Amino acid sequence: MANGSGRPELVLFDLGGVLCRFEPDRRAAELATAIGVAEDEVRALVFASGFDQECDLGLHSETAILERFRRLGFSGDRDDLRRAWAMAFVPDRAVIDLAIALRSEGVVAATLSDNGPVLLAAIESVVTPSAIDKHVFSCMLGATKPAPAAFVAALEFLDARPQQTFFVDDNPVNVLSARRLGILAEQANNATDVESALRSVDLLRAH
């Protein structure tokens, strides 16, 4: 799907669903145990309530998030909260290896993820630093995918051009939004999809 403008210089990976399997029940279970409530109560208070979406938009600092959880009965510290939050993201080793291979070819690998400051602080425990040059989270941008503002702000942050950027996401709505901005983009749901998508734009030449 190369557009004639050359090989991409930047690959943007979605986090949950591409670089990692997203398993939110693992996080809910860990938080429920730490607070001493049922998992459904955690889902209602934190996620269904819209609080998590506010965190994704950068409306709450990590300190404020920890304080909110302490009011709910969470007795752990900042590291405990980070560890619980990160449990929802299980790295896909095969996709991580593809990102490492890209970097070995001089391509910049970055994330573009709808997530808040707690996961951002814990991200190196989830995705090895050898795989990713930059992590770009919605809490840094003030916008979430598929809003065009999220993509525009991410490219500005990374000093990248749309036509030299390749975006991989498991959500077709996000892929379509990126394409409308001139970003090369493909949907991928597993490592095989990701590898095929990267090769379609002349990446992974040496692998």
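Just so you know, these numbers come straight off a predicted model, no measurement behind them.
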[X] side, atom [atom1]; [Y] side, atom [atom2] - distance, nearest 0.5 Å:
X      : Y      : atom1 : atom2 : answer
Ser125 : Leu119 : OG    : CG    : 8.0 Å
His60  : Glu67  : NE2   : CD    : 12.0 Å
Leu203 : Leu102 : CG    : CG    : 5.5 Å
Asp56  : Met140 : CG    : CE    : 13.5 Å
Cys20  : Ile123 : SG    : CD1   : 6.5 Å
Leu45  : Leu31  : CG    : CG    : 11.0 Å

Are any of the side-chain nitrogens in [X] or [Y] under 4.0 Å away from the carboxylate oxygens of its partner?
X      : Y      : value
Asp97  : Arg93  : yes
Arg26  : Glu30  : no
Arg179 : Glu186 : yes

Quick one, [X] and [Y] - any side-chain contact, counting heavy atoms below 4.5 Å?
X      : Y      : answer
Arg27  : Phe89  : yes
Arg43  : Asp25  : yes
Leu15  : Phe137 : yes
Arg7   : Gln164 : no
Asn115 : Leu120 : no
Lys145 : Asp14  : yes
Leu198 : Phe166 : yes

Residue pair Thr165, Leu184: steps toward the side chain to side chain contact (heavy atoms under 4.5 Å, CB included) verdict: CA-CA 6 Å; Thr165 299; Leu184 297 167; over 6 Å; no
- request: Measure the acute angle between the ring planes of Phe69 and Trp85, then classify it against the limits of 30° and 60° as parallel, tilted or perpendicular.
  value: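 Phe69 and Trp85: perpendicular rings.
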field: Side-chain donor-acceptor contact under 3.5 Å, Ser61 with Thr63
entry: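 Checked: Ser61/Thr63 side chains show no N/O donor-acceptor pair below 3.5 Å.
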field: Aromatic ring proximity Phe13/Phe167, centre distance under 6.0 Å
entry: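 So the answer is no for these two rings.
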message: Using side chain to side chain contact (heavy atoms under 4.5 Å, CB included), reason through Ile183 and Leu155 one step at a time and then give a plain yes or no.
response: CA-CA 10 Å; Ile183 298 170; Leu155 293 183; 3.9 Å; yes
Are [X] and [Y] in one and the same hydrophobic cluster, where Ile, Leu, Val, Met, Phe, Trp and Tyr link if side-chain heavy atoms are under 4.5 Å apart?
X      : Y      : result
Leu57  : Val118 : no
Val42  : Met87  : no
Val18  : Val173 : no
Val127 : Val107 : yes
Leu181 : Leu158 : yes

Is it true that a side-chain atom of [X] and a backbone atom of [Y] form a donor plus acceptor pair closer than 3.5 Å?
X      : Y      : result
Glu105 : Arg205 : yes
Thr111 : Val136 : yes
Thr33  : Ala29  : yes
Glu62  : Pro117 : no
Asp133 : Ala109 : yes

If every non-hydrogen atom of [X] is compared with every non-hydrogen atom of [Y], which pair is closest and at what distance?
X      : Y      : result
Leu112 : Ala154 : CD1-CB, 3.8 Å
Arg21  : Glu23  : NE-OE2, 3.1 Å
Ala88  : Pro24  : CB-CA, 3.9 Å
Ala147 : Ser177 : C-OG, 4.4 Å
Arg70  : Asp77  : NH2-CA, 3.8 Å
Lys134 : Ile132 : O-CG2, 3.1 Å

task: Give the C-alpha distance, both sets of side-chain angles, the deciding distance and a yes or no for side chain to side chain donor-acceptor pair (under 3.5 Å) between Thr128 and Ser130.
output: CA-CA 5 Å; Thr128 175; Ser130 64; 3.1 Å; yes
field: Intermediate values then yes/no, side chain to side chain contact (heavy atoms under 4.5 Å, CB included), Glu195 and Leu204
entry: CA-CA 8 Å; Glu195 181 173 1; Leu204 300 177; 4.0 Å; yes
Cation-pi, Phe51 ring and Arg68 (6.0 angstrom, 45 degrees):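 The answer is yes, since Arg68 meets both limits relative to Phe51.
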